[in-house]
Amino acid sequence: MDVYSWFRRSLSRATRTTTTTVTAQPDDELLYGVTDQLLDFVKNFSIDTFRNFSLPEEEEEDGDTPGKDLSDWQQRHALLVLSKLKELSQLRFKLCPRFLKDHQFWTIYFALVKGFVAKYELHAIQLDKLKQMRLENENTPDVAACEVEMSEAKQTTNVLPTISEEHN
């Protein structure tokens, strides 16, 4: 193995290690935006908060599909908030399905808490995209390295005839 190949492989391993360290997962509550400020805000919700919220007409007409239109991040956030705040669980129990469908409840909830959770959700989306890009990069061959190795091989084959001609 030549020095260039060794250096390229070492650099590739170091980059992967550094990337893995940077994207280490913080605890779930922080990752999903379940902060004390959010919990204090949500504790103030009442039945009227949800019943008086006006939904767009297509939201009101949709069928009752639990978790409909919720992203994976929103579903995980919802589970964490429900486990942390019994008040929200009780409020949801009182409202669904008597007054609201489950997906309507969550549509209203996320509209109300958007200011608290938007940056966390955006951060999670960015992390997911970085993970996908890293996986794609690891799964695709290193074309540039192959091209360099091929050009080095061509140079070696081009040099050999020249050297043998000089000895004739």
- Minimum-distance pair of heavy atoms, taken over all atoms of Arg92 and Leu82: NH1-CD1, 3.6 Å
- Out of curiosity, does Leu79 fall in the hydrophobic cluster containing Leu85 (side-chain heavy atoms, cut-off under 4.5 Å, transitive links)? no
- Query: Can you tell me how far CG of Leu30 sits from CG of Leu80, rounded to the nearest 0.5 angstrom?
  - Reply: 11.5 Å
- Message: Do Lys94 and Phe99 make a side-chain contact, defined as non-hydrogen atoms from C-beta onward lying under 4.5 Å apart?
- Response: no
- Message: Tell me the closest heavy-atom pair linking Asp102 and Cys96, and the distance in Å.
- Response: CA-SG, 4.0 Å
- Query: If you look at every heavy atom in Val117 and Phe110, which pair is closest and at what distance?
  - Reply: CG2-CD2, 4.5 Å
- Query: So do Arg76 and Asp72 actually touch side chain to side chain, heavy atoms under 4.5 Å?
  - Reply: no
- Query: If you round to the nearest 0.5 Å, how far is CG of Leu135 from NZ of Lys131?
  - Reply: 9.0 Å
Acceptor/donor pairs from residues 32-43 side chains to any protein atom, 3.5 angstrom cut, sequence neighbours excluded:
residue : atom : partner : partner atom : Å
Thr35   : OG1  : Gln37   : OE1          : 3.3
Thr35   : OG1  : Leu38   : N            : 3.2

- Item | Phe45 to Leu88 - nearest heavy-atom pair and separation | CD1-CD1, 4.5 Å
- Message: To the closest 0.5 Å, what do you measure between CD (Gln132) and CG (Asn137)?
- Response: 12.0 Å
- Query: Roughly how far, to the nearest 0.5 Å, is the CG atom of Leu122 from the CG atom of Leu127?
  - Reply: 10.0 Å
- Task: Could you check whether the rings of His77 and Tyr109 sit parallel, tilted or perpendicular, using 30° and 60° as the cut-offs?
- Result: tilted
- Task: Measure the spacing between NE2 of His123 and CG of Leu31 and express it to the nearest 0.5 Å.
- Result: 7.5 Å
- In this structure, CG of Leu112 is separated from CZ of Phe50 (nearest 0.5 Å) by 6.0 Å
